[in-house]
Structure formats: C-alpha cells, structure tokens
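Below you'll find the structure, written out as structure tokens, and then a few comments.
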Amino acid sequence: MPGYDYEQFKKAVYDLTHIDLNSYKEKQMKRRIDTLITKNSIKGYDAYVDLLRNDKKKFDEFVNYLTINVSEFYRNPDQWEYMDKYVIPQLMKDFGKNLKVWSAACSTGDEPYSLVMALSRHLPLEQISIYATDIDNQVLDKAKAGLYSEKSVASVPADLKAKYFNKIGPSYQISDKIKSRVTFAKHNLLKDAYPTDCHFIVCRNVLIYFTEEAKEEVFTKFNQSLVHKGLLFIGSTEQIMNYKDLGYVRKDSFFYEKP
C-alpha cells in the first residue's frame, strides 16, 4: 500500500479509535484491513484514514470489521450444560443469589443473554444482573436491538427459545424480560479500567486474536477483577497455558478459579 506505511496507519487508527492494533496478530489483521481498503476502492492507508475521519458510516464499518464478530447463543452447548450443572450451583453456594457477572467482549449480545437464560433456571429473573461490554458501538447497538438469525439461536434449549423469543419473519427477537437484565457499556480490554469484585467473568473466543503478551495482560487483569473463588469462563479455542503463574486453578477445560 502506498502512502502511509502500516506502522503509521496503526498510530492513526489508535488516535481515531483508541484501538491498539499492536495487540493483534499483525499478519492476520493487516490482511483483513487491506481487504477492506480494496473493497472500498481506496488507494493506500493515508486515503483510508481520511475517509475514516470524514465518513461516520465508513468509520463504523471499519470498527465493526476490525472487532471480529462471530457470535451465537449457547456456543459449545456441552460447556453451557456443565455450567448449568456445576458452575452456577457452586457460585450460588459460595456467593449467594446476588452474583456479579461480567460478559467481556460480548459482541452482539448472544453471550450475556445466554447467561441470563442459563441463570434463570436457578434464580428469579429480577435477581439476575449481567454487565456486558464490548469495544464496538455497532455491535452494542445490535445487542440492544436483540434481533437474531435462526443460526444464532440454533443451540438455545427448546424450552428457553419458546419462552424468551418471538419469531419475526426469518428472525428471532429476544424478550424484554431478558433484555432488561443486561447493562451494556463500551469497554476496551487493552486500555480501560476493569470492573472489580466479580464472581463470574465470561470472555470467549476473542483473545485468540491477541498476541501472547496482550493475552497475558488481559488474563492477569481478569484475575484482579475476580473475588477469591470467583470463576473465569473462556472459549473452546483458548487455553491459559501458564494459568498457575497468573493466579488461577483450573476447574475444568474452560473454567478457571481464583483460589
């Protein structure tokens, strides 16, 4: 790409978005960005930065494209089953009914809404509260709208799907009862302060795109966010290799406890 080199482009993007591209795997991210520039028929990074500065729609498209959003309800159902049988009862035994739950990098809301439904098997809805965050305003807007494709909701248990979704044409609208239990906020895992005193943090299939250093930083901060005996639930494509060094005990393949 002529004009800016990629290093200058990363700095310009940080000034515009506070997204630090240095924390992403470079080859992968650069390829994605080059594809987007070509798609917009733009010559070079500098011209693309000008477009991002002056066109809100293109800016939103860029952030949305950058924050890789592949999300679905009850992703990896066997892990949610394990959570239902063992994790939630243990959390309630240790901390009671007022659980502080954070869904980090929540994308389009599939995950925090899944958490509300999973908890609803153990608690009345009015006692459930999920704090859900993402770096991307566009996906947060989608999350608040609560409208999903058939594919997104395919793994939702049948009784919960019948109870908490309305079918609208080919899409599914989630019930306001579930929506009202989630508070959405913008948050950058690599820059912003983390919530404190969490009993349960869920962050799945996001950190695979981060460098090893960035991953370690995030896992360390999650540990600091958890209360003792609090749990972290990560994605099936992820593992914390040095979990003991970072202050965790492994409870199951994808669940880690702060002892």
Side-chain angles (χ1 to χ4, degrees), residues 4-36 45 49 52 59 62-71 75-76 79 101-108 110-112 131-140 143 184-196 198 200-226 230-250 253-258:
Y4 278 22
D5 66 13
Y6 190 64
E7 287 305 312
Q8 290 170 303
F9 176 73
K10 286 192 289 192
K11 285 183 191 125
V13 166
Y14 186 79
D15 291 340
L16 271 174
T17 64
H18 292 296
I19 297 170
D20 185 1
L21 294 180
N22 288 312
S23 294
Y24 291 84
K25 289 174 184 166
E26 181 143 322
K27 210 168 156 188
Q28 210 172 349
M29 188 52 79
K30 188 174 181 295
R31 192 171 61 238
R32 289 175 62 80
I33 290 164
D34 288 351
T35 303
L36 191 57
Y45 293 126
V49 169
L52 297 180
F59 176 84
F62 172 67
V63 175
N64 191 42
Y65 192 77
L66 210 60
T67 52
I68 300 116
N69 299 304
V70 181
S71 196
R75 191 172 181 176
N76 313 112
Q79 291 163 32
V101 182
W102 177 22
S103 173
C106 68
S107 189
T108 49
D110 318 42
E111 194 166 83
Y131 180 59
T133 62
D134 200 274
I135 196 172
D136 183 351
N137 282 322
Q138 232 177 316
V139 296
L140 289 172
F184 290 101
K186 187 172 181 177
H187 182 271
N188 181 338
L189 283 171
L190 296 165
K191 178 177 158 284
D192 296 333
Y194 281 34
T196 54
C198 296
F200 191 35
I201 297 174
V202 181
C203 184
R204 308 181 71 230
N205 309 303
V206 175
L207 301 187
I208 45 167
Y209 300 105
F210 287 18
T211 61
E212 290 309 312
E213 295 75 22
K215 272 186 214 172
E216 195 160 300
E217 184 191 330
V218 171
F219 285 136
T220 300
K221 287 182 177 174
F222 281 153
N223 190 275
Q224 290 161 356
S225 283
L226 287 165
L231 287 170
L232 171 66
F233 179 21
I234 64 170
S236 56
T237 51
E238 297 159 334
Q239 49 183 317
I240 311 176
M241 303 300 286
N242 57 336
Y243 63 89
K244 287 177 186 164
D245 298 338
L246 299 179
Y248 293 98
V249 171
R250 194 171 179 174
S253 300
F254 310 103
F255 292 90
Y256 294 82
E257 183 183 86
K258 176 178 178 173

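Just so you know, these numbers use all the heavy atoms, side chains as well, and skip hydrogens, waters and symmetry mates. Numbers for residues simply follow the sequence, beginning at 1. Source: prediction; values computed, not measured.
- Heavy atoms only, all atoms of each residue included: Val218 and Phe210 are closest at CG2-CE2, 4.2 Å.
- Residues in residues 210-220 take part in these salt bridge (Lys or Arg N to Asp or Glu O under 4.0 Å) pairs, two or more places apart or across chains: Glu212-Lys215, Glu217-Lys221.
- Here the closest heavy-atom approach between residue His187 and residue Thr133 is recorded as CB-CB, 3.4 Å.
- Here CZ of Phe254 is found 12.5 Å from CG of Leu232. Values are rounded to the nearest 0.5 Å.
- Remark: Met29 CE to Arg31 CZ distance equals 10.5 Å, nearest 0.5 Å.
- Using a 4.5 Å heavy-atom threshold, the side chains of Asn242 and Phe219 count as separate.
- In this structure the side chain of Ile33 reaches within 4.5 angstrom of the side chain of Leu21, judged on heavy atoms.
- Between Cys106 and Ala132, the closest heavy-atom pair is SG-CB, 3.8 Å.
- Legend: residues meeting side-chain hydrogen bond (donor to acceptor under 3.5 Å, both in side chains) with Ser236, ordered by chain and number and at least two apart, are Asn76.
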Would you please test Asn22 and Lys10 for side chain to side chain contact (heavy atoms under 4.5 Å, CB included) and show each step? CA-CA 7 Å; Asn22 288 312; Lys10 286 192 289 192; 2.8 Å; yes

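- Annotation: side-chain hydrogen bond (donor to acceptor under 3.5 Å, both in side chains) contacts of Gln28 (sequence neighbours excluded): none.
- Among residues two or more places apart in sequence or in another chain, the side-chain contact (heavy atoms from CB on, under 4.5 Å) test is passed with Lys11 by none.
- Listed by chain and residue number, Arg204 satisfy the side-chain hydrogen bond (donor to acceptor under 3.5 Å, both in side chains) test with Gln79 (two or more places apart in sequence, or in another chain).
- Remark: side-chain polar atoms of Asp134 are paired, donor with acceptor, to backbone N or O of Ser107 under 3.5 angstrom.
- Asp34 contributes atom CG, which lies 8.0 Å from atom OH of Tyr6 (distance to the nearest 0.5 angstrom).
- Qualifying side-chain contact (heavy atoms from CB on, under 4.5 Å) partners for Asn137, counting only residues two or more places apart in sequence or in other chains: Leu140, Lys186.
- The distance from atom OH of Tyr131 to atom CD1 of Ile201, rounded to the nearest 0.5 Å, is 12.0 Å.
- With sequence neighbours excluded, the residues satisfying side-chain contact (heavy atoms from CB on, under 4.5 Å) with Lys258 are Asn223, Leu226, His228.
- Listed by chain and number, the residues in a side-chain hydrogen bond (donor to acceptor under 3.5 Å, both in side chains) with Thr237 are Asn205 (sequence neighbours excluded).
- Listed by chain and number, the residues in a side-chain contact (heavy atoms from CB on, under 4.5 Å) with Tyr243 are Ile240, Tyr248, Arg250, Tyr256 (sequence neighbours excluded).
- For the ring pair (Phe, Tyr, Trp, His ring centres under 6.0 Å) test, residues two or more places apart in sequence or in another chain that qualify with Phe184 are Tyr113.
- Annotation: ring pair (Phe, Tyr, Trp, His ring centres under 6.0 Å) contacts of Phe222 (sequence neighbours excluded): Trp102, Tyr194.
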